[in-house]
Number of protein chains: 2
Amino acid sequence: MDTARELFLQKGFEATSIAEILRESGVNSGSLYYFFKTKEELLLAVLDWYVANLYREVIDPAVAQTKDAIGRVFAVLDGYREYLTITEFRQGCPIGNLALEMSEKSEAVREKVVLNFENWRKAIRQLLFDAGDLLPADVDRDALATFVLGVMEGGVMLSRTYRSLAPFQASIAMLRAHFDRLAAEANSTRNRTDC
Amino acid sequence: MDTARELFLQKGFEATSIAEILRESGVNSGSLYYFFKTKEELLLAVLDWYVANLYREVIDPAVAQTKDAIGRVFAVLDGYREYLTITEFRQGCPIGNLALEMSEKSEAVREKVVLNFENWRKAIRQLLFDAGDLLPADVDRDALATFVLGVMEGGVMLSRTYRSLAPFQASIAMLRAHFDRLAAEANSTRNRTDC
DNA sequence: GTCTATAACTCGATAGAC
DNA sequence: GTCTATCGAGTTATAGAC
């Protein structure tokens with residue numbers, strides 16, 4: 001399953017053949033099909049793994065970097081920047097690929113992809129709630145978390161296509177500019193109540 | 001080629017078989033291969049079509065809707081909202097799908113996808129320049145255009161996966177909030193120089 | 001639980017008549 | 001330029017011995 005996860009990530013689901021998974025992992029056909037009845041079941045197991053490991057792999061390392069809640073959101077995004085860089089833009093978000101490839105083909109896969117996105121989005125939303133009055137009170141944290149996820153996925157898509165960090169960097173810089181303005185607004189409101 | 005374009009859009013490149021294109025279009029194998037030496041060449045022709053038809057299909061209708069430059073940007077995005085809705089979230093941006101699916105598999109396709117993104121991005125960038133002092137002078141129009149593209153692609157990806165307009169709407173609403181703040185800042189700067 | 005061999009099928013692409 | 005027939009390779013999945 002680890003081999004399958006890596007190959008699905010590198011090449012997508014359809015483009016990865018069972019034969020290749022068997023060859024890379026040194027497993028034989030009969031053994032794989034003893035545990036996973038179909039190739040799709042193997043993918044579902046991989047998607048479960050991503051849900052189970054989001055915090056360990058993505059959120060916790062970012063949270064450990066800084067005590068600032070907003071800073072933690074950008075630390076998460078910085079993790080993706082780093083990942084794009086070390087893979088030379090060959091790999092991005094493991095879920096985003098599968099989202100567009102598989103949503104129309106398998107309802108079970110689509111639902112597990114939604115589960116992954118919701119998992120990620122809720123983690124970011126929690127950080128945004130943790131930010132408290134560093135953000136204006138009337139800002140919709142839920143929608144903002146969706147926005148952050150969308151900006152990340154869009155930026156990763158563009159940088160993978162361009163084979164350049166520039167689009168991702170530009171997107172994150174604009175997102176940062178937005179958060180700076182939100183923070184400034186929250187700050188001026190706080191000062192006003194201080195008077 | 002029209003049939004191929006629709007099928008590639010609906011199901012992706014790999015998932016669309018030549019046999020299906022032939023069946024749907026009523027064309028015979030020999031005829032297709034007389035014009036396109038490979039399936040990939042057929043895709044490249046489709047991608048050329050998208051470059052050639054961006055303005056006619058996407059930009060011009062949005063420009064016709066309003067004289068406000070920023071409004072035109074959001075009219076373009078609204079076109080994608082409408083498209084998501086009428087296809088019941090089954091189809092999004094034709095290029096975004098192919099970007100993630102094909103970037104690793106064919107350098108020629110990747111380059112044509114980049115061409116499509118650049119085409120789109122430049123159109124948006126022009127609108128942002130047209131906005132003149134409705135945006136703060138120090139805002140990087142180029143990066144902002146990339147941001148708009150990324151937000152659109154990310155929002156489309158999420159809405160297709162969730163089978164709901166909500167993520168796209170939330171993303172566009174947050175983007176709108178950002179533009180509103182930029183416009184407010186530009187406005188206060190203009191007023192200051194008026195004094 | 002794991003092995004090898006292969007069934008059953010679909011794929012992109014081609015040959016050669018017309 | 002278009003037709004039909006088909007090649008050869010690759011696909012997922014299974015059968016049946018161990």
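Source: prediction; values computed, not measured. Order of the sequence lines fixes the chain letters, A, B, ..., with proteins taken first and strands second; residue numbering starts at 1 for each chain.
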d([atom1], [X]; [atom2], [N]) in whole Å:
| X | N | atom1 | atom2 | value |
| --- | --- | --- | --- | --- |
| A/Phe36 | D/dT12 | CZ | P | 15 Å |
| A/Leu7 | D/dT11 | CG | C1' | 16 Å |
| A/Tyr33 | C/dA7 | OH | C1' | 13 Å |
| B/Leu22 | D/dA5 | CG | P | 15 Å |
| B/Ile18 | D/dA5 | CD1 | P | 20 Å |
| B/Leu43 | C/dA13 | CG | P | 12 Å |
| A/Leu32 | D/dT14 | CG | P | 12 Å |
| B/Lys37 | C/dA13 | NZ | C1' | 13 Å |

Closest contact, heavy atoms only, A/Ala99 versus B/Thr161: CB-OG1, 3.4 Å
Any protein N or O atoms within reach of nucleotides 2-4 of chain C? Criterion: under 3.5 Å, listing atom names and distances.
from	atom 1	to	atom 2	distance (Å)
C/dC3	OP1	A/Asn28	OD1	3.3
C/dC3	OP2	A/Asn28	OD1	2.6
C/dC3	OP2	A/Ser31	OG	3.3
C/dC3	O5'	A/Asn28	OD1	3.0
C/dT4	OP2	A/Asn28	ND2	2.8

CA sep, side-chain torsions, deciding dist, call: B/Arg90, B/Gln10, side-chain contact (heavy atoms from CB on, under 4.5 Å): CA-CA 7 Å; B/Arg90 255 60 171 195; B/Gln10 281 170 33; over 6 Å; no
Test ring pair (Phe, Tyr, Trp, His ring centres under 6.0 Å) applied to A/Phe8 - qualifying residues, sequence neighbours left out: A/Phe13
B/Ser17 side chain near C/dC11 phosphate (N/O to OP1/OP2, under 4.0 Å): yes
Shared hydrophobic cluster, B/Ile18 / B/Met102 (ILVMFWY, side-chain heavy atoms < 4.5 Å): yes
In one Ile/Leu/Val/Met/Phe/Trp/Tyr side-chain cluster, 4.5 Å: B/Leu144, B/Leu134: no
CA sep, side-chain torsions, deciding dist, call: A/Leu127, A/Ile70, side-chain contact (heavy atoms from CB on, under 4.5 Å): CA-CA 7 Å; A/Leu127 290 174; A/Ile70 304 294; over 6 Å; no
